[in-house]
Chemist: 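Quick one: structure below, then a few questions.
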Amino acid sequence: MAANLVTIYCKNNKQYVQIPCGTSIKELYDQLCPTLNIRYPIIAARVNYKVQNLNFLIYKPKDIEFIDATSESGSRCYVRTLSMVMACAVRELWSDCDLRIEHPISKGFYCTIRESRDKAKTITPEIVEQLKIRMQAIIAEDRPIITEERQTKEVIRLFGERKEGEVTLFETLGNPYCRYYRMGDYIDYYTGALMPSTGYINLFDVEMYHDNILLRIPNRRDPNRLEERCVQDKRFGIFKEFRGWNKLLHISNVGEFNQACKNQKSFEMIKLSEALHEKKVAQIADQIAHREGGIPKFVLISGPSSSGKTTFSKRLTIQLMVNGIRPVVISMDNYFVNREDTPRDENGEWDFEHLHTLDLPLFRQQLADLSEGKTVSLPFYNFETGKREYRGDTLRLEQDTVVILEGLHALNPELIPNIPRETTFKIYVSSLTTVNLDNHNWIPTSDVRLIRRIVRDYRYRGYSARETIARLASVQRGEERWIAPFQEEADVMFNSALLFELAVLKRHAEPILDEVPKYCDEYTVAHRLKKYLSYFESIPEREIPPTSFLREFVGGSSFRY
């Protein structure tokens, strides 16, 4: 009898338990539920640090942690399941149409309904209401969501009959088998685990948004309420612009990107993408040079970690000089306090995104001295040692100099409270989007920046991928508190994402991520990032110019950092 039992370790209650081979995670949860302290309904589980759905069957010893919608992995699982419900509702209402989940916006997801690749269905309040009612009906029916796996050629045939965009992705991956999901007669593909049935969804909404649809999702901290909708019109404009750029390249998903790479068009993509970036930087420089009311004294450049702020400031400097302006860049990173003096978060970990990570008295004093025409000795922060250094660099401003202040907190009004708004020009930089995997799967912008950061931290700051991932929660809390609230106050936004960047970062990031042990919490994120990278055809970086934003992370830049 003992041979038919398997021992698992439940991380939620820190207990070992023996269960029959072939027990599902849901059955295990039902057995252990009285001993667990989980506030919200479970959504999935981390099985040996990989996220699995509740129908997963256990045949070998495992570490298992049940997760709800307050965890990052649980929230992603919830949204994927909700996406499938929404896509199924679209297909049932309009059989020749398909849902396209474009990008995150306003604490939700901007969606369109496509009649064809290049034609979107006209959306009205009546259509949105129809969609919502059908989604509610699908949820009320508690339809089971079944995982299926077949030979790739058979899956391509199944999806091809339904005119799904996933076919191109399947064709370029080269896997002999593909896993997909079935809900009745409707099939769909998702990159991660889904909940066992539609009845697990208890909260959502759909609304009109810029003539299309906003899918609203639960709040991570309190899944019993929806995320509060916020105004992000400037961010929306950036997404719209980037979609237009991708259309120039005739690429709307990773499958089409991979096909272009196999057809030797990767260098063309690089050249056009870099040219579009340069044109945008030049346009921003023109705005500064010809601003009504005169050229601003201070250009403030902010954005989250690994958004490319430093490279943007250097490229903007060149374009300002073309306009006859004399810019001087001051990197706020050099005003970090010594690492041991860094503020701590509620968990006792260093909070590198906190405003008081900066030595504000020193920064404000030097800015005041510069404004008075004095010469100051500029600090340099050594990220490897965590110490501030002075390397003999000095600065004195001339009468016609424009100061470029670049850093996480550049748009925070607390940074320079005594400088009049009319003397500043504010720019928000972030890697906002690259390319969707297919119509229903996207790569979160935070994950793109995390891959950038992992490569940069490993190469230049002496951090392993595990260490970088371990700080992720603190980084995200800091960005939400100190950076995101000020982004819409910017005069202009710049998207530093490059269509091809994950295909280039893949070669650098995969071996670094492979070093993350499979027995630690950080492996969950490492596994997810490696899966995203696996979808991309790798391309060489030899054609990437030395001034590219990507060079800040992979090396080979002609700029000094």
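Hydrogens, waters and symmetry mates play no part in the numbers below; they use all other heavy atoms, side chains included.
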Chemist: Using the rule given for salt bridge (Lys or Arg N to Asp or Glu O under 4.0 Å), can you reason through E227 versus R220, listing the C-alpha separation, both sets of side-chain angles and the distance that settles it, and then say yes or no?
Modeler: CA-CA 8 Å; E227 287 278 15; R220 271 270 310 271; over 6 Å; no
Chemist: Using modelled atom types only, decide if a donor and an acceptor are shared between the side chain of Y190 and the backbone of M84 within a distance under 3.5 Å.
Modeler: yes
Chemist: Could you check R46 against D63 for salt bridge (Lys or Arg N to Asp or Glu O under 4.0 Å), going step by step and ending with a plain yes or no?
Modeler: CA-CA 8 Å; R46 293 202 305 164; D63 283 3; over 6 Å; no
Chemist: R391: what forms a salt bridge (Lys or Arg N to Asp or Glu O under 4.0 Å) with it, not counting sequence neighbours?
Modeler: E389
Chemist: If you take all heavy atoms of L415 and H409, which pair is closest and at what distance?
Modeler: CD2-O, 3.6 Å
Chemist: Check the surroundings of atom OH in Y519: do more than 12 heavy atoms from other residues, nucleotides or ligands lie under 6.0 Å from it?
Modeler: no
Chemist: So, taking the atom named CZ in R76 and the one named OG in S83, what distance separates them when rounded to the nearest 0.5 Å?
Modeler: 12.5 Å
Chemist: Working to the nearest 0.5 angstrom, can you tell me the gap between S306 OG and D457 CG?
Modeler: 6.5 Å
Chemist: Has N12 got a side-chain atom pairing as donor or acceptor with F66's backbone, closer than 3.5 angstrom?
Modeler: yes
Chemist: Work out which heavy atom in Y49 is nearest to a heavy atom in K518; give both atom names and the distance.
Modeler: CD1-O, 3.4 Å
Chemist: Looking at F383, I'd like to know if the NZ or CZ of R461 sits under 6.0 Å from its six-membered ring centre while staying within 45 degrees of the ring's axis.
Modeler: yes
Chemist: Determine yes or no for a side-chain-to-main-chain donor-acceptor pair under 3.5 angstrom, with S75 supplying the side chain and E72 the backbone.
Modeler: no
Chemist: Do you know the tightest heavy-atom contact between A503 and K506?
Modeler: O-CB, 3.9 Å
Chemist: Could you give the side-chain donor-acceptor pairs of residues 231-240 under 3.5 Å, partners two or more places apart or in another chain?
Modeler:
residue : atom : partner : partner atom : Å
Q232    : OE1  : S106    : N            : 2.7
D233    : OD1  : H210    : NE2          : 3.3
K234    : NZ   : E488    : O            : 3.1
K234    : NZ   : A490    : O            : 2.3
R235    : NH1  : Q487    : OE1          : 3.2

Chemist: Kindly say whether the aromatic ring centers of W442 and H103 come within a distance under 6.0 Å.
Modeler: no
Chemist: What pair of heavy atoms forms the shortest contact from L408 to S302, and how long is it?
Modeler: O-OG, 2.7 Å
Chemist: For D514, is there an ion pair with K530 - N to carboxylate O distance below 4.0 angstrom?
Modeler: yes
Chemist: Go through the steps for E515 and S464 under the test side-chain hydrogen bond (donor to acceptor under 3.5 Å, both in side chains), then give the verdict.
Modeler: CA-CA 8 Å; E515 295 179 7; S464 67; over 6 Å; no
Chemist: Before accepting this row, confirm whether a basic side-chain N of the pair E349/R344 lies closer than 4.0 Å to the acidic partner's carboxylate O.
Modeler: no
Chemist: In terms of side-chain heavy atoms, does N338 have a donor or acceptor partner in R388 at a distance below 3.5 Å?
Modeler: no
Chemist: Can the ring centres of F494 and F312 be said to be less than 6.0 Å apart?
Modeler: yes
Chemist: Any chance the side chains of S496 and R452 put a donor and an acceptor closer than 3.5 Å?
Modeler: yes
Chemist: Is there a donor-acceptor pair under 3.5 Å between the side chain of D345 and the backbone N or O of G348?
Modeler: yes
Chemist: Output the distance between atom CZ (F559) and atom OG1 (T317), rounded to the nearest 0.5 Å.
Modeler: 8.0 Å
Chemist: Flag the pair E552 and R459 as a salt bridge only when some basic side-chain nitrogen lies within less than 4.0 angstrom of an acidic carboxylate oxygen.
Modeler: no
Chemist: Identify whether the distance between the nearest side-chain nitrogen and carboxylate oxygen of R481 and D351 falls below 4.0 Å.
Modeler: no
Chemist: Taking S377 for its side chain and T394 for its backbone only, find out whether a donor-acceptor pair lies under 3.5 Å.
Modeler: no
Chemist: Below 4.5 Å, heavy atoms only, C-beta onward: do E274 and L498 meet side chain to side chain?
Modeler: yes
Chemist: Measure the CG-CG distance between L378 and L370 for me, rounded to the nearest 0.5 Å.
Modeler: 7.0 Å
Chemist: Count the heavy atoms of every other residue, nucleotide or ligand shown that sit under 6.0 Å from CD of E228, and state whether that count exceeds 12.
Modeler: no
Chemist: Report the distance from atom OG1 of T423 to atom CD1 of I419, rounding to the nearest 0.5 Å.
Modeler: 6.0 Å
Chemist: If you measure from the Lys or Arg side-chain nitrogens to the Asp or Glu carboxylate oxygens, is any gap between D447 and R528 under 4.0 Å?
Modeler: yes
Chemist: Treating R315 as the side-chain partner and T547 as the backbone partner, does any N or O pair qualify as donor plus acceptor under 3.5 Å?
Modeler: yes
Chemist: Before accepting this row, confirm whether a basic side-chain N of the pair D68/R39 lies closer than 4.0 Å to the acidic partner's carboxylate O.
Modeler: no
Chemist: Would you please say whether a donor-acceptor pair under 3.5 Å links the side chains of T311 and Y561?
Modeler: yes
Chemist: Check whether any side-chain heavy atom of L214 lies under 4.5 Å from a side-chain heavy atom of I105, and answer yes or no.
Modeler: yes
Chemist: Using only heavy-atom distances, determine whether the side chains of Y40 and N202 contain a donor-acceptor pair under 3.5 Å.
Modeler: no
Chemist: Counting distance only, does the side-chain N/O of N253 pair as donor-acceptor with the main-chain N or O of V435 below 3.5 Å?
Modeler: no
Chemist: Have E489 and Y428 got a donor and an acceptor in their side chains that come within less than 3.5 Å?
Modeler: no
Chemist: Any non-hydrogen side-chain atom of T342 less than 4.5 Å from a side-chain atom of F352?
Modeler: yes
Chemist: Can a side-chain donor-acceptor contact be found between N441 and D438 if the only test is distance below 3.5 angstrom?
Modeler: yes
Chemist: Just so I know, are the side chains of L316 and I288 near enough to count as touching, which here means a heavy-atom distance under 4.5 Å?
Modeler: yes
Chemist: Holding to side-chain hydrogen bond (donor to acceptor under 3.5 Å, both in side chains), I want the full list of residues that pass it with Y535, two or more places apart in sequence or in another chain.
Modeler: Y189
Chemist: Quick one about Q366 and Y335 (side-chain donor to acceptor, distance below 3.5 Å, no hydrogens or angles considered), yes or no?
Modeler: yes
Chemist: For R471, does its backbone N or O pair with a side-chain atom of S474 as donor and acceptor, under 3.5 Å?
Modeler: no
Chemist: For the residue pair N323 / Q319, report whether a side-chain donor-acceptor contact shorter than 3.5 Å exists.
Modeler: no
Chemist: Report the C-alpha distance between R421 and D491 in whole Å, list the side-chain angles of each, state the deciding distance to 0.1 Å, and finish with yes or no for salt bridge (Lys or Arg N to Asp or Glu O under 4.0 Å).
Modeler: CA-CA 11 Å; R421 176 66 176 93; D491 294 293; 3.2 Å; yes
Chemist: First locate atom CZ of R477, then atom CH2 of W482, and finally report the distance between them rounded to the nearest 0.5 Å.
Modeler: 13.5 Å
Chemist: Using only heavy-atom distances, determine whether the side chains of Y110 and N212 contain a donor-acceptor pair under 3.5 Å.
Modeler: yes
Chemist: Keeping H527 on the side-chain end and Y523 on the backbone end, is there a donor-acceptor pair under 3.5 Å?
Modeler: no
Chemist: Donor-acceptor pair, T401 side chain versus L397 backbone, under 3.5 Å?
Modeler: no
Chemist: Pair E406, K314 - check salt bridge (Lys or Arg N to Asp or Glu O under 4.0 Å), show working.
Modeler: CA-CA 10 Å; E406 172 263 311; K314 294 179 182 298; over 6 Å; no
Chemist: Taking atom CE as the centre, does M321 end up with more than 12 heavy-atom neighbours from other residues, nucleotides or ligands that are less than 6.0 angstrom away?
Modeler: no
Chemist: When you check the side-chain N and O atoms of S431 and R449, is any donor under 3.5 Å from an acceptor?
Modeler: no
